[in-house]
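Input: a single structure, listed below in structure tokens.
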Amino acid sequence: MGFSTYFLILLWVFSELSTTRDAHATFVFHQTTRDVTNFGAVGDGKTDDSRAFLLAWEAACKKETNIGKVTVPSGKTFLVSPIEFEGPCTSTSITFEILGNIVAPPKAAWTTKSADDWLSFHRVDGLTVAGNGQGMIDGRGESWWKHALRFSHCNELQVRGLKHRNSQKNHVSINECNGATISNLDVRAPAKSPNTDGIDISASTNLHIHDCLMATGDDCIAINGGTSNVHISNIACGPGHGISIGSLGKDGRHDEVEGISITNSIFTRTDNGVRIKTWQGGSGFAKNITFSQITFVAANNPVIIDQYYCPHKKCTNKTSAVEVSDVRYSALHGTSINNNATINFSCSKTVPCTNIVMDDVDIESADPGHRSTTAHCINAHGTARVVHPPVDCLRS
Ligand SMILES: *[C@@H]1O[C@H](CO)[C@@H](O)[C@H](O)[C@H]1NC(C)=O
Ligand SMILES: *[C@@H]1O[C@H](CO)[C@@H](O)[C@H](O)[C@H]1NC(C)=O
Ligand SMILES: *[C@@H]1O[C@H](CO)[C@@H](O)[C@H](O)[C@H]1NC(C)=O
Ligand SMILES: *[C@@H]1O[C@H](CO)[C@@H](O)[C@H](O)[C@H]1NC(C)=O
């Protein structure tokens, strides 16, 4: 080719470079990193960097055919308003690398009174949101969004190595995702902050959640309707409300949850430990649920099945209920600060709990002077082997 063609190509390359201002673009063949600072992000914690984040996202998501990547560099704090990172992307997979800090603006600075989500990813398949254990998502204790970090319709999602601080509502929310691995998160909010679930899951399937530390004011992990095949392991929960399945069947809803395993986890000074909660009047089921290798340290209400869930005490009695069955508790040990009903199975009269299997469970009082604990059990059927306190409605 002639000199002028060469010149034109060079010119085109430079104009591409200057529009993206991404010096890596030509040199890293398979993974072009879009650093948000190359798109105008300042990172002083005061300037609103949302637009730069969106531009970097657009470049990584819509201008790649192979692997897209956005980098939030370390050593800086980026103030970001509620934004939605939209897919589908043309890149086959995309990494959002968070090495620095992302902070929410104060409520006063935001024009509408509330937002559903602060940082949300929608319809992005093959997404990885990863830190190196240092990157932090800081909600600053504001409460005008429902979810700090929300993933909806994101298949084959990976989230790992992030710190989450002071979200006043749900920290991480996963909705309608198939295939996700969430690991090495460090989530903390004050024990008294309401509705600060660590990870909130709904309508999703095939999830693995492991190696997370969660100290929040609400559930460490909540599993809601439409969810199946969730494997949770190595979670340190507390303070917080433990790990909950439900609440299910609210306002007569039909909810289905099945194939959940929670293993190798510790609950320290939690309000509730492992809990299944359903409202009266709903339908559907919660079944095939296994809790194993669980340690309780001064937990309040360590083991609960509650088919009369009614947090606001204004519920009328109904006969229908979400059916709870095939729940296995194996190797649960530790202490409770509530000696009364350390195991509380409160099942529906019309739709009792069936095939509840307990094997090797020992929960003692956290008060050394008061070692005896009791269980409460109505309308639950199944078997208990080596269980203390004794659960009288199960066969031994
Ligand atoms: C129970 O759930 C597990 C996943 O936790 C799954 O592998 C297994 O096949 C399920 N069993 C039944 C009987 O559905
Ligand atoms: C609901 O049922 C409980 C237990 O059977 C009973 O004590 C209570 O009075 C009932 N409440 C209403 C509003 O019927
Ligand atoms: C334990 O719970 C039962 C049933 O709710 C109640 O009757 C009893 O008074 C409670 N005992 C203590 C010591 O709180
Ligand atoms: C057990 O749980 C039921 C349902 O939430 C509740 O009404 C009851 O008070 C609990 N029992 C004890 C003894 O705490």
Side-chain angles (χ1 to χ4, degrees), residues 178-181 201 204-210 219 221 223 226-233 235 241-250 256-265 270-282 284-294 296 299-318 321-330 336-357 363 365 370 372-380 382 389-394:
N178 179 7
T181 303
I201 301 161
S204 294
T205 188
N206 298 323
L207 312 184
H208 290 261
I209 302 174
H210 63 88
D219 293 331
I221 300 175
I223 297 168
T227 301
S228 60
N229 283 319
V230 180
H231 300 279
I232 298 174
S233 60
I235 305 295
H241 292 187
I243 293 183
S244 290
I245 295 176
S247 60
L248 305 176
K250 191 180 183 184
E256 299 184 352
V257 170
E258 68 180 309
I260 312 293
S261 72
I262 295 160
T263 187
N264 249 312
S265 294
T270 48
D271 241 357
N272 314 314
V274 292
R275 177 162 61 152
I276 299 172
K277 52 183 182 181
T278 69
W279 297 74
Q280 290 187 72
F285 56 77
K287 68 182 180 195
N288 187 14
I289 297 165
T290 302
F291 302 101
S292 62
Q293 311 286 344
I294 306 273
F296 299 109
N300 200 1
N301 309 311
V303 178
I304 298 178
I305 297 176
D306 184 1
Q307 281 188 305
Y308 297 88
Y309 184 65
C310 181
H312 310 300
K313 312 265 178 272
K314 272 186 268 174
C315 302
T316 52
N317 289 339
K318 304 236 170 58
V322 176
E323 187 175 356
V324 177
S325 65
D326 306 310
V327 184
R328 186 177 177 85
Y329 299 89
S330 118
S336 170
I337 54 166
N338 179 5
N339 302 325
N340 204 5
T342 52
I343 297 170
N344 184 346
F345 295 146
S346 293
C347 297
S348 157
K349 197 172 180 173
T350 44
V351 187
C353 303
T354 56
N355 198 22
I356 308 299
V357 176
I363 302 169
S365 171
H370 189 305
S372 93
T373 48
T374 62
H376 175 76
C377 186
I378 54 162
N379 304 318
V391 181
D392 58 14
C393 66
L394 302 181

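All ligand and atom numbering here is 1-based and tracks the order in the structure.
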Take every heavy atom of K287, measure it against each atom of ligand 1, and state whether any distance is under 4.0 Å.
-> no
Donor-acceptor pair between D326 and N355 side chains, under 3.5 angstrom = yes
N or O pair under 3.5 Å between E258 and ligand 1 = no
Taking the inter-plane angle between the rings of W279 and Y309 on a 0 to 90° scale, is it parallel (under 30°), tilted (30 to 60°) or perpendicular (over 60°)?
-> perpendicular
Option with minimal heavy-atom separation from atom 3 (C) of ligand 4, where the choices are P311, A375, C310, S346 | S346
Quick one: which ligand 4 atoms are inside 4.0 Å of a heavy atom on A341?
-> 12 (C), 13 (C), 14 (O)
Check each atom of ligand 4 against the heavy atoms of D306 and keep those under 4.0 Å away; list them by number with element.
-> 4 (C), 5 (O)
Give the residue, atom name and distance (to 0.1 Å) of the protein heavy atom nearest atom 8 (C) of ligand 1.
-> N288 ND2, 3.7 Å
Going by the order shown, which atoms of ligand 4 are within less than 4.0 Å of some heavy atom of N344?
-> 1 (C), 2 (O), 3 (C), 8 (C), 10 (C), 11 (N), 12 (C), 14 (O)
Does the protein put a heavy atom less than 4.0 Å from atom 14 (O) of ligand 1?
-> yes
Would you say the side chains of T263 and S233 form a donor-acceptor pair under 3.5 Å?
-> no
If we ignore angles and hydrogens, is there a donor and acceptor under 3.5 Å between the side chains of T205 and N178?
-> no
In ligand 1, which numbered atoms sit nearer than 4.0 Å to a non-hydrogen atom of N229?
-> 4 (C)
Taking atom types as modelled and ignoring hydrogens, do the side chains of S348 and T350 form a donor-acceptor contact shorter than 3.5 angstrom?
-> yes
